[in-house]
Amino acid sequence: MDMHVTRSAHGPVPSAPPAVLALDQGTTNAKALLVDCATGAVLAAGSRPVGIAFPRPSWVEQDAAQLRDATLAAAAECLAARPDVPVAGISISSQRESVVCWDRRTGAPLGPVLGWQDARSAGWCARLGQDRPDAAALVRERTGLSLDPMYSAPKMRAALDAAVAAGAAPGDVALGTVDAWLVASLTGEHLTELGNASRTLLLDLDTCAWDPELLDLFGVPAGALPAPRGSDAGFGRTRAGGPLPAGVPVVAVLADSHAAMLQQGCTVPGTGKATFGTGSSVMSPTATHKGAPAGITTTLAWHVGGVPTYAREGNIVASGSALDWMAATLGAGEGTAGGAFLSELAATVPDAGGVAFVPAFSGLGAPYWDRAATGVLTGVTAGTTRAHLARAAIEAVAHQVADVVDAVEADGQARIEVLRADGGATRSALLMQTQADLAGRPVQVGDAPEASALGAATLARRTLGHPADPAGVQQTYQPGPVDPGPARRSWARAVARSRGHATD
């Protein structure tokens with residue numbers, strides 16, 4: 001292998017070929033990977049947990065300083081493991097829609113992060129829809145999204161109001177999603193990546209710019225927002241005095257779910273992926289951002305080389321969090337992985353025994369977008385066991401993904417032939433087989449467990465001039481011979497109860 005040589009006071013010091021430092025800031029963890037530019041091999045890894053708080057019903061908060069510090073600590077751990085590796089560039093993948101508010105002069109946070117699951121603005125969104133009957137249609141036409149509190153703009157309004165009420169001068173307030181916060185922390189630049197920006201309800205998909213009418217609709221001043229730019233357009237260089245080497249370019253930025261889709265090789269219509277994280281994102285590339293079926297949104301997946309790539313998407317609010325909740329309820333110890341605990345327990349019974357679980361902890365996302373929906377357990381009898389409840393939780397995740405796949409294909413303009421899966425819950429063979437059975441198509445689990453971090457690293461490697469292939473397939477789950485129709489109809493009845501609708 002060719003060696004690069006650097007100089008020190010003691011003479012030449014051999015070092016490895018250059019690498020990309022891939023930072024991945026998720027809902028529950030911050031991770032870092034050191035990825036060889038030429039081969040894509042992971043040379044080192046670091047991670048740190050991050051906290052999440054639920055101070056009131058439907059409120060979900062995180063600490064902005066902790067997100068930043070955990071990301072930097074994971075990066076420092078990574079670099080310390082391979083001090084011989086020069087860093088050619090940095091890539092970032094991050095959770096979407098969550099909102100950070102900080103003082104542009106000092107860089108200090110001006111309040112908690114309002115998480116993507118946060119629904120405190122549900123009432124505000126409902127009133128906006130009543131006061132402006134055209135609001136929902138305007139938002140969908142311009143942004144491809146639904147008028148829903150999951151997206152950033154209503155949270156930005158709430159964060160700005162809280163910061164000003166606490167004494168911040170409006171002109172000093174900076175707003176952004178987590179990618180913008182990390183870029184600002186690393187480089188001092190107030191920039192955001194277009195795919196992340198497309199999740200705010202403020203970006204016009206036609207122009208790829210902030211829309212003045214939408215800014216006015218949500219009361220978000222343009223001056224508080226970062227400048228949007230392409231996924232590979234460059235986001236400044238690291239500043240001196242921090243834990244990372246100074247002067248390293250931030251080469252590429254992607255939203256985490258978008259990065260996973262890139263790494264899974266889902267780049268053309270007919271392909272699709274599901275990320276099994278705290279929530280789930282089902283995405284499939286599309287040729288246009290117009291005309292998505294009801295309940296399905298259109299997003300800007302990435303903007304590379306000046307060319308946008310769009311995708312149809314359905315967002316599920318509770319998947320991994322539903323598994324963790326059920327696992328804790330059934331007695332899993334603190335720190336136990338919910339999916340693993342439930343899979344072991346659920347494998348002791350052949351089915352859920354007629355039990356259905358709808359984890360509408362803060363309402364339902366795609367394809368229902370019903371924030372008034374409540375969590376329900378149906379079909380419980382005296383014969384119901386802990387194993388049946390565990391099985392119902394696993395089936396709930398798979399049913400929700402199958403609902404979105406059905407909705408993506410509802411107009412006949414899109415077809416997901418094979419569903420490619422990533423995320424921590426893909427370790428559960430029972431969940432993946434259940435997913436294949438209920439969705440009625442093969443499910444392929446990628447061989448890259450850190451698909452989000454590697455997807456952003458792949459884009460950075462390509463931007464730096466190195467060829468980079470998508471992930472391979474670790475395992476394929478084929479749908480079984482049993483007709484999923486009865487199970488799907490039982491699930492639909494449970495969802496109807498969750499939404500307060502009459503059922504048969």
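Predicted, not measured: the structure shown is a model, and the values here were computed from it. The first residue in the sequence is number 1, and the count goes up from there. Only heavy atoms go into these numbers, but all of them, side chains included; no hydrogens, no water, no symmetry mates.
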Could you check, using the six-membered ring where one of them is a Trp, whether Trp325 and Phe361 have ring centers closer than 6.0 angstrom?
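Yes, the ring of Trp325 comes within the 6.0 Å limit of the ring of Phe361, centre to centre.
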With a 3.5 Å cut-off and no angle check, do the side chains of [X] and [Y] form a donor-acceptor pair?
X      : Y      : answer
Thr71  : Gln25  : no
Trp491 : Asp403 : yes
Thr463 : Asp232 : no
Gln62  : Gln95  : yes
Thr278 : Ser321 : no
Thr177 : Asp179 : yes
Asn196 : Glu193 : yes

What verdict does the side-chain hydrogen bond (donor to acceptor under 3.5 Å, both in side chains) test give for Ser94 and Asp256, after you've listed the backbone C-alpha separation in whole Å, the side-chain angles of each residue and the deciding distance to 0.1 Å?
CA-CA 5 Å; Ser94 61; Asp256 54 4; over 6 Å; no
For a quick test of reading the model, state the closest non-hydrogen atom pair linking [X] to [Y] and the distance between them.
X      : Y      : result
Ala301 : Met283 : CB-CE, 4.5 Å
Val401 : Ala274 : CG1-CB, 4.2 Å
Leu191 : Phe235 : CD1-CA, 3.8 Å
Ala457 : Val35  : CB-CG2, 4.0 Å
Ala453 : Ser91  : O-OG, 4.5 Å
Pro133 : Asp131 : CD-O, 3.5 Å

Hey, what do you get for [atom1] ([X]) to [atom2] ([Y]), rounding to the nearest 0.5 Å?
X      : Y      : atom1 : atom2 : answer
Arg229 : Cys208 : CZ    : SG    : 14.0 Å
Glu97  : Trp116 : CD    : CH2   : 7.5 Å
Arg420 : Thr271 : CZ    : OG1   : 6.0 Å
Cys125 : Gln130 : SG    : CD    : 11.5 Å
Thr309 : Met261 : OG1   : CE    : 7.5 Å
Asp161 : Cys101 : CG    : SG    : 10.0 Å

Are any non-hydrogen side-chain atoms of [X] and [Y] less than 4.5 angstrom apart?
X      : Y      : value
Pro221 : Leu215 : no
Leu114 : Ser98  : no
Gln263 : Ser452 : no
Ser198 : Tyr310 : no
Val20  : Val251 : no
Asp24  : Asn29  : no
Leu419 : Gln444 : no
Val317 : Leu364 : no

Between the side chains of [Y] and [X], is the shortest nitrogen-to-carboxylate-oxygen separation below 4.0 Å, so that they form an ion pair?
X      : Y      : result
Glu409 : Arg312 : no
Glu189 : Arg237 : no
Arg104 : Asp172 : no
Arg68  : Asp63  : no
Asp118 : Lys155 : no
Glu61  : Arg120 : yes

What residues form a side-chain contact (heavy atoms from CB on, under 4.5 Å) with Thr143, not counting sequence neighbours?
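By the side-chain contact (heavy atoms from CB on, under 4.5 Å) rule, Thr143 matches Val139, Leu145, Leu201, Leu214.
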Examine distances only and state if a side-chain atom of [X] and a backbone atom of [Y] form a donor-acceptor pair shorter than 3.5 Å.
X      : Y      : result
Thr238 : Leu244 : no
Thr106 : Ala108 : yes
Thr200 : Ala197 : yes
Arg199 : Ser152 : no
Arg499 : Ala496 : no
Gln400 : Ala318 : yes
Arg441 : Glu417 : no
Gln435 : Val443 : no
Ser93  : Ala255 : no
Ser428 : Leu431 : yes

What verdict does the side-chain contact (heavy atoms from CB on, under 4.5 Å) test give for Val253 and Leu182, after you've listed the backbone C-alpha separation in whole Å, the side-chain angles of each residue and the deciding distance to 0.1 Å?
CA-CA 10 Å; Val253 176; Leu182 293 179; over 6 Å; no
Start with the C-alpha distance between Leu138 and Arg132, add both sets of side-chain angles, then the distance that settles side-chain contact (heavy atoms from CB on, under 4.5 Å), and finish with yes or no.
CA-CA 10 Å; Leu138 174 66; Arg132 283 280 305 271; 4.0 Å; yes
Worked verdict on Arg96 versus Glu313 for salt bridge (charged side-chain N to carboxylate O under 4.0 Å, His left out):
CA-CA 13 Å; Arg96 308 180 299 171; Glu313 181 177 18; 2.6 Å; yes
After noting the C-alpha distance and the side-chain angles of Leu67 and Val113, does the key distance pass the side-chain contact (heavy atoms from CB on, under 4.5 Å) rule?
CA-CA 9 Å; Leu67 297 190; Val113 177; 4.0 Å; yes
Test side-chain contact (heavy atoms from CB on, under 4.5 Å) applied to Trp181 and Leu175, step by step:
CA-CA 8 Å; Trp181 168 239; Leu175 292 167; over 6 Å; no
Look at the rings of Trp369 and Tyr151 and say which category their plane angle falls in: under 30° parallel, 30 to 60° tilted, over 60° perpendicular.
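Rings of Trp369 and Tyr151: tilted, as their planes differ by 30° to 60°.
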From the options Ser231, Pro228, Pro308, select the one residue that forms a side chain to side chain contact (heavy atoms under 4.5 Å, CB included) with Leu300.
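By the side chain to side chain contact (heavy atoms under 4.5 Å, CB included) criterion, Leu300 pairs with just one of Ser231, Pro228, Pro308: Pro308.
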Considering residues at least two apart in sequence or located in another chain, which fulfil the side chain to side chain donor-acceptor pair (under 3.5 Å) criterion with Trp102?
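Counting only residues at least two positions away or on another chain, Trp102 forms no side chain to side chain donor-acceptor pair (under 3.5 Å).
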